[in-house]
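Report on the following structure.
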Amino acid sequence: MILFLAGTSDARELAVQLMQAGQELVATVVTESAAASLQEANVPYHVGRLNEQQMKELIEEIHVTTVVDASHPYAEEASKTAMAAADLTGIPYIRYERPQQSYVNPLVTEVETYKEAAIVASAHSGTVMLTTGSKTLAVFTEQLLQNENIRLVCRMLPNKENMDKCDALGVKQRDIIAIQGPFSKALNKALYEQFSTTLIITKESGKVGSVDEKMEAALELGIPVILIKRPKIQYENVCTSFEKVFEKLGGK
């Protein structure tokens, strides 16, 4: 039995392929909306955040023999919890992560943290389009909404929780793009142009996370980009392809 942390669309596809190959697994996701695609594919799942003890108990309860961590590249706590729980129960841990991409361009400024991104963005003027989701929205609203020379436009998933968060943090309705990706380069360009965007803030999520389309669209339009690098976590057994995960699991 595999405990599978499913945090991205390609991760969920990996879960489906593992099941089709005869692997038993239970996938964990944080929200009901994230569970929808698993449900459609008949993948067993658990909804809700797990701390270290809860994950250990789940591993023991359903007799897990391997943890496959395919959580989002920026879900630091989930990965740390999974590694700790695997260590506590003495079972193998495998990390699946999208390949990283490199950008060498004078328009791209790489930063290590959300806070650093907000500080760098505060030196700009015009329309700053934030495409990093709602989880760290407060970091940017605190820094940027006080600047009268900046219009902060936030692109995020169209759910009530996000809209309530925007309202609580002072983001105006006209400055919210509530939409679910993935997005083509053409759509990214259209949105950038529609809002007269002068700066993009994004994360280094990888191709399936559409960071390449965001980046390419911005660079072709000559728009500067602040790119938040992935967290530096010392993972064990890192795989950047489905094939490598299958190999780690014994080729099944």
Side-chain angles (χ1 to χ4, degrees), residues 1-100 112-114 132-136 161 203-206 208-209 228-252:
M1 174 68 74
I2 295 170
L3 182 63
F4 187 97
L5 279 67
T8 60
S9 57
D10 52 328
R12 290 186 282 277
E13 176 59 29
L14 173 57
V16 170
Q17 289 192 22
L18 287 170
M19 284 188 60
Q20 290 173 343
Q23 296 280 3
E24 286 188 294
L25 63 84
V26 171
T28 67
V29 291
V30 175
T31 64
E32 290 289 349
S33 59
S37 60
L38 294 174
Q39 188 173 30
E40 290 170 7
N42 296 316
V43 176
Y45 62 87
H46 169 91
V47 179
R49 297 184 189 278
L50 297 171
N51 60 33
E52 189 178 308
Q53 182 60 30
Q54 290 169 330
M55 190 173 290
K56 176 181 178 292
E57 290 173 358
L58 180 60
I59 287 171
E60 293 172 339
E61 178 185 340
I62 62 176
H63 307 293
V64 171
T65 55
T66 305
V67 173
V68 174
D69 175 13
S71 59
H72 194 278
Y74 291 80
E76 297 177 71
E77 289 307 312
S79 289
K80 290 176 181 177
T81 297
M83 283 188 281
D87 185 58
L88 282 173
T89 52
I91 61 175
Y93 166 94
I94 298 171
R95 170 65 176 169
Y96 167 74
E97 190 168 271
R98 300 164 178 168
Q100 291 181 280
E112 300 294 333
T113 66
Y114 294 97
T132 57
S134 65
K135 187 176 180 181
T136 57
E161 182 183 351
K203 297 184 294 188
E204 186 192 23
S205 298
V208 180
I228 304 168
K229 301 292 288 178
R230 291 183 186 180
K232 289 180 170 59
I233 300 176
Q234 292 299 114
Y235 294 111
E236 303 169 15
N237 296 324
V238 178
C239 303
T240 55
S241 70
F242 289 5
E243 291 76 15
K244 289 293 184 184
V245 174
F246 277 83
E247 286 178 20
K248 293 281 188 182
L249 290 169
K252 296 180 181 179

Inter-residue atom distance Lys56.NZ - Ile91.CD1, 0.5 Å rounding: 11.0 Å

Ile94 side chain near Thr66 side chain, heavy-atom distance below 4.5 Å: yes

Evaluate Lys248 against Cys239 for side chain to side chain contact (heavy atoms under 4.5 Å, CB included), listing each step before the verdict. CA-CA 9 Å; Lys248 293 281 188 182; Cys239 303; 3.6 Å; yes

I want to check something: taking the side chain as every heavy atom from C-beta on, are Val26 and Ile62 in contact at a cut-off of under 4.5 Å? yes

Taking only residues two or more places apart in sequence or in another chain, which ones pass ring-ring contact (aromatic ring centres under 6.0 Å, His included) with Phe242? Tyr96

Leu18 CG to Leu249 CG distance, which is reported to the nearest 0.5 Å: 6.0 Å

For residues Leu5 and Ala78, report the shortest heavy-atom separation together with the two atoms involved. CD2-O, 3.7 Å

Tell me whether the count of non-hydrogen atoms from other residues, nucleotides or ligands lying under 6.0 Å of CD in Glu24 goes above 12. no

Atom CZ in Arg230, atom CD in Glu112: separation rounded to 0.5 Å? 13.0 Å

For Asn42 and Met19, the nearest pair of non-hydrogen atoms, with its separation, is O-CE, 3.6 Å

Over all atoms of both residues, closest heavy-atom pair of Ala6 and Val29: O-CG1, 3.3 Å

Where is the tightest heavy-atom contact between Ala11 and Phe4, given as atom of each residue plus distance? O-CZ, 3.1 Å

side-chain hydrogen bond (donor to acceptor under 3.5 Å, both in side chains) involving Ser71 - partner list, sequence neighbours excluded: Asp69, Ser79, Arg95

Which atom names give the shortest non-hydrogen contact between Val64 and Leu58, and what distance separates them? CG2-O, 4.5 Å

Name each donor-acceptor pair under 3.5 Å that joins a side chain in residues 44-53 to protein atoms two or more places apart or in another chain, with its distance.
| residue | atom | partner | partner atom | Å |
| --- | --- | --- | --- | --- |
| Asn51 | OD1 | Gln53 | N | 3.1 |
| Asn51 | OD1 | Gln54 | N | 2.7 |
| Gln53 | NE2 | Glu57 | OE2 | 3.0 |

For a 4.5 angstrom cut-off between non-hydrogen side-chain atoms, does Gln17 reach Phe246? yes

Any heavy-atom pair between the side chains of Leu14 and Val245 that's under 4.5 Å? yes

Side chain to side chain, Leu3 and Thr28, heavy atoms closer than 4.5 Å: yes

Using a 4.5 Å cut-off on heavy atoms from C-beta on, say whether the side chain of Ile59 contacts that of Val67. yes

To the nearest 0.5 Å, how far apart are CG in Leu88 and CD in Glu60? 9.0 Å

Within a strict 4.5 Å, meaning less than it, do heavy atoms of the Lys203 and His72 side chains meet? yes

